[in-house]
Amino acid sequence: YSALESRLGADIYNDEAMLKEYLEGSGDIHSLVAKACFPNELEGISVAEVKNTRPDLRKKAKAPEFACQFGGGPGAISDALGISKEEAKIIYNNYLAAFKGITEFKKRGSAFVRQNGYVLICEHTGHKLYWEDFKKWREIEDLPEYIYKREYSEAERKEHEGAAAKWDRMALNAPTQGSGIAILKLSMTLFFKWLCNEGYFNKVLICNLVHDESVIEYPEELKDIVVPKLKEYMEKGASVLCKKLPIPAVPETGLHWIH
């Protein structure tokens, strides 16, 4: 898939800036993030021009892009780029201001998981990710502050608050990663049924599924049949769970696993 989790994120977070770039712009989200995070350096430069004009900032923008979409904060950006936390905080705030859909989804997800003890991974399938010791965490969280501080050491309080921070991140990250896996499984189920119906069972082999791609082996004479069908069913599976924009599948053929 091409940018599976990023495109899924645009759909799930309902982020206006990301959706507009994918549907109407160049589709270069790395450049879009660069424009958001480094507005002064890229003033007057369009998103489409960033890749050729300031490839250094486009590359640099990947750190806040991945950190923020996976629930990280200024600390993660600071570590990834080797910059001060003050500078990282500015980049982080720029990102949140530009991608309001992600910001709002993160707030809602944090409140939901802290109240209910699970993350709804995919609303279309109903898959959930459960916080395994949520009941204990909730009991501690509901204690009056003076009892909480009296009964628990600083280390225990840090552990309690760290658990919440972890599930805040999961509430943002799990829906995109989990929905991505659901899409890949659905697409391969459709592809497998087609193989069986066409009499290609045990002739075309589904060797492995790796993150956002499938690894297929087939006889050379079936190349012109199998390759477009695999693309078709991967895109069909994506369209079932990603409604606001398409997720392209890009086939690559060779004598070995290319990636």
Side-chain angles (χ1 to χ4, degrees), residues 1-12 18-34 47-52 55-56 58-63 65-67 69-70 80 121-122 124-125 173-259:
Y1 284 112
S2 174
L4 174 62
E5 289 184 13
S6 179
R7 286 175 176 268
L8 260 177
D11 179 271
I12 293 169
M18 294 177 71
L19 287 169
K20 185 175 181 179
E21 184 61 30
Y22 275 128
L23 294 172
E24 302 175 17
S26 65
D28 187 348
I29 292 298
H30 299 319
S31 292
L32 179 68
V33 173
V47 173
E49 295 171 326
V50 170
K51 187 173 183 178
N52 292 326
D56 57 322
R58 183 179 181 273
K59 181 178 180 180
K60 190 176 180 180
K62 292 180 182 181
E65 177 184 354
F66 296 141
Q69 192 161 338
F70 289 113
I121 295 176
C122 180
H124 302 293
T125 65
N173 183 27
T176 53
Q177 288 202 322
S179 295
I181 292 300
I183 281 175
L184 186 57
K185 286 184 175 181
L186 173 58
S187 69
M188 296 316 298
T189 299
L190 296 172
F191 180 66
F192 180 74
K193 288 180 178 179
W194 173 79
L195 291 179
C196 294
N197 290 337
E198 295 297 317
Y200 295 141
F201 180 78
N202 252 1
K203 295 179 182 178
V204 177
L205 307 178
I206 301 174
C207 301
N208 204 357
L209 305 181
V210 187
H211 301 301
D212 58 356
E213 61 185 285
S214 58
V215 184
I216 309 297
E217 288 186 358
Y218 51 85
E220 179 68 26
E221 63 268 19
L222 294 180
K223 175 180 177 180
D224 292 339
I225 298 174
V226 171
V227 173
K229 278 295 179 181
L230 177 60
K231 173 181 171 65
E232 175 187 337
Y233 283 115
M234 286 182 72
E235 292 180 348
K236 184 176 181 180
S239 70
V240 173
L241 300 183
C242 184
K243 301 293 187 180
K244 298 183 183 74
L245 74 168
I247 301 180
V250 183
E252 295 190 56
T253 61
L255 298 178
H256 56 86
W257 179 33
I258 293 172
H259 290 164

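When reading the values below, keep in mind they use all heavy atoms of this one structure, side chains included, and skip hydrogens, waters and symmetry mates. Along the sequence shown, residues are numbered consecutively beginning with 1.
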Correct closest heavy-atom pair for Pro246 and Arg7 would be O-NH1, 2.8 Å
Side chains of Ser26 and Glu21: donor-acceptor distance under 3.5 Å anywhere?
-> yes
Heavy atoms, side chains only, cut-off 4.5 Å: are Ile183 and Leu8 in contact?
-> yes
Grab the two heavy atoms, one from Ile247 and one from Ser2, that are nearest each other, plus how far apart they are.
-> CG2-O, 4.1 Å
Heavy-atom neighbours of His124 NE2 exceed 12 at 6.0 Å = yes
Report the C-alpha distance between Met18 and Leu245 in whole Å, list the side-chain angles of each, state the deciding distance to 0.1 Å, and finish with yes or no for side-chain contact (heavy atoms from CB on, under 4.5 Å).
-> CA-CA 10 Å; Met18 294 177 71; Leu245 74 168; over 6 Å; no
Under a 4.0 Å N-O cut-off, is there an ion pair linking Glu232 with Lys229?
-> yes
Would you call Glu5 and Asp212 a side-chain contact if the rule is heavy atoms closer than 4.5 Å?
-> no
Is the number of heavy atoms from other residues, nucleotides or ligands within 6.0 Å of CD (Glu217) greater than 12?
-> no
Evaluate the side-chain proximity of Glu213 to Val210: yes if any heavy-atom separation is below 4.5 Å, no if none is.
-> yes
Closest heavy-atom pair and its distance - Ser214, Leu230 = OG-CD1, 3.7 Å
Would you indicate whether the side-chain heavy atoms of Ile12 and Ser179 approach each other to under 4.5 Å?
-> yes
Just wondering, are more than 12 heavy atoms of other shown residues or ligands nearer than 6.0 Å to NZ in Lys51?
-> no
Are side-chain heavy atoms of Val204 and Phe192 found at a separation under 4.5 Å?
-> no
Just checking, is any N or O donor in the side chain of Trp257 or Glu252 under 3.5 Å from an acceptor N or O on the other one?
-> no
Side chain to side chain, Ile206 and Ile216, heavy atoms closer than 4.5 Å = yes
Do you see a donor-acceptor pair shorter than 3.5 Å between the side chains of Tyr233 and Thr189?
-> no
